[in-house]
Amino acid sequence: ILNVEQSPQSLHVQEGDSTNFTCSFPSSNFYALHWYRWETAKSPEALFVMTLNGDEKKKGRISATLNTKEGYSYLYIKGSQPEDSATYLCALSRGGYQKVTFGTGTKLQVIP
Amino acid sequence: KAGVTQTPRYLIKTRGQQVTLSCSPISGHRSVSWYQQTPGQGLQFLFEYFSETQRNKGNFPGRFSGRQFSNSRSEMNVSTLELGDSALYLCASSLASLSTGELFFGEGSRLTVL
């Protein structure tokens, strides 16, 4: 069984605070690491897909890093806004046509 | 560009019945994958289709099946429904490989089994 762990499960931050979450995964046979944002009553939306050790990606105030050797990825949100409130999912794929395995997500609530 | 469309959005069935859910991917996308989400669980992978062929299957019983048509539209079927099948079913389409391509999700079909 492939375990993709996300921490914390949930967190509340004040508007303007910066925050980060962790996605941990087995490093063997790594192929790609995905991050998705899932707002309530909407569809999950892709943030990043990373494939190379040391990858860093950025989209506005959100950025992510990847360490495939030690099996983790960090997602950072700088200056959190209420519209950042969502569940953030990471997902791992392990090569070729292997299925994508999702973590259970980190639920973020930004308090105005 | 139209997004991923899932129908129906909501449905209620009783135990023992069967259900068919439909997913129309983004035009040009050949990969369609299906996921189940239940409270407290992450998205659980059901299966993936690419060019009408099932490429991978998750750990679900044989009551869960699917297919993909030549226009890339996909259906999933659940037979002999159980209470535990109540869930949100999401499909996602991708331009190429499930592994590296970002997934574009539909809004889901919420199934309630009574």
Side-chain angles (χ1 to χ4, degrees), chain A residues 1-10 21-25 28-53 55 57 59 62 64 66 68 86-107, chain B residues 2-7 9-10 23-26 29-51 53-60 64 66 68 87-110:
Chain A
I1 296 177
L2 174 59
N3 286 325
V4 177
E5 308 275 350
Q6 289 190 248
S7 62
Q9 280 192 323
S10 65
F21 336 125
T22 304
C23 175
S24 302
F25 51 86
S28 60
N29 297 326
F30 174 87
Y31 202 75
L33 192 285
H34 306 231
W35 280 100
Y36 292 85
R37 175 170 59 199
W38 194 358
E39 297 178 65
T40 302
K42 294 188 177 180
S43 316
E45 172 193 5
L47 290 172
F48 309 111
V49 179
M50 297 184 286
T51 56
L52 298 175
N53 184 45
D55 254 354
K57 298 218 171 179
K59 184 183 285 190
I62 303 177
L66 177 66
T68 61
T87 296
Y88 291 82
L89 299 170
C90 72
L92 175 72
S93 58
R94 296 180 76 185
Y97 300 142
Q98 294 297 309
K99 64 184 181 182
V100 174
T101 301
F102 281 83
T104 52
T106 292
K107 186 171 183 178
Chain B
V4 177
T5 304
Q6 290 189 246
T7 56
R9 293 289 313 281
Y10 302 91
C23 174
S24 294
I26 291 172
H29 285 194
R30 298 165 66 188
S31 168
V32 174
S33 50
W34 288 88
Y35 303 85
Q36 180 197 65
Q37 200 225 10
T38 51
Q41 298 281 327
L43 293 176
Q44 303 291 312
F45 173 82
L46 281 155
F47 26 65
E48 186 219 357
Y49 287 87
F50 187 90
S51 294
T53 300
Q54 186 182 90
R55 283 206 297 205
N56 214 323
K57 192 176 192 304
N59 297 322
F60 280 82
F64 292 80
Q68 186 180 35
L88 177 68
Y89 291 88
L90 288 169
C91 85
S93 73
S94 177
L95 188 58
S97 166
L98 173 63
S99 298
T100 56
E102 69 180 56
L103 300 175
F104 293 83
F105 285 88
E107 292 184 303
S109 294
R110 185 166 294 280

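Below, chains carry the letters A, B, ... as their sequence lines are ordered, and counting in each starts from 1.
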Side chain / backbone / both / neither for A/F48 at chain B, heavy atoms under 4.5 Å:
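A/F48 has no heavy atom closer than 4.5 Å to chain B.
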Need one label for A/L92: side chain, backbone, both or neither, based on atoms under 4.5 Å from any heavy atom in chain B.
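No part of A/L92 comes within 4.5 Å of chain B.
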Is there a side chain to side chain contact (heavy atoms under 4.5 Å, CB included) between B/F105 and A/Y36? Walk through the geometry before answering.
CA-CA 10 Å; B/F105 285 88; A/Y36 292 85; 3.9 Å; yes
Testing the basics here: between A/S43 and B/G106, what is the closest heavy-atom pair and its distance to 0.1 Å?
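Heavy atoms of A/S43 and B/G106 come nearest at OG-O, 3.0 Å.
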Closest contact, heavy atoms only, B/F45 versus A/V100
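Minimum heavy-atom separation between B/F45 and A/V100: CB-O, 3.9 Å.
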Quick check: are there more than 12 heavy atoms from other residues, nucleotides or ligands sitting under 6.0 Å from [atom1] of [X]?
X: A/K59; atom1: NZ; answer: yes
X: A/E39; atom1: CD; answer: yes
X: B/K57; atom1: NZ; answer: yes

Close side-chain approach of B/L90 to A/P44, heavy-atom, < 4.5 Å:
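They are in contact (side-chain heavy atoms under 4.5 Å apart), so the answer is yes.
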Quick one: are B/Y35 and A/F102 in side-chain contact, heavy atoms under 4.5 Å?
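They are in side-chain contact.
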Quick one: which residue pairs count as a salt bridge (Lys or Arg N to Asp or Glu O under 4.0 Å) with a foot in residues 34-46 of chain B, not counting sequence neighbours?
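Passing the test, one end in residues 34-46 of chain B: no pairs.
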Nearest 0.5 Å, what's the CG-OG distance between B/N56 and A/S93?
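B/N56 atom CG to A/S93 atom OG measures 11.0 Å (nearest 0.5 Å).
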Taking B/G42's backbone N and O only, do any of them form a donor-acceptor pair with A/T104's side chain (distance below 3.5 Å, no angle check)?
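Judged by distance alone, no pair lies under 3.5 Å.
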Under 4.5 Å from any heavy atom of chain A, what part of B/Q37 do you find: side chain, backbone, both or neither?
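Answer is side chain: those atoms of B/Q37 sit under 4.5 Å from chain A.
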For B/Q68, side chain to side chain donor-acceptor pair (under 3.5 Å) partners two or more places apart
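In terms of side chain to side chain donor-acceptor pair (under 3.5 Å), with neighbours along the sequence ignored, B/Q68 is linked to no residue.
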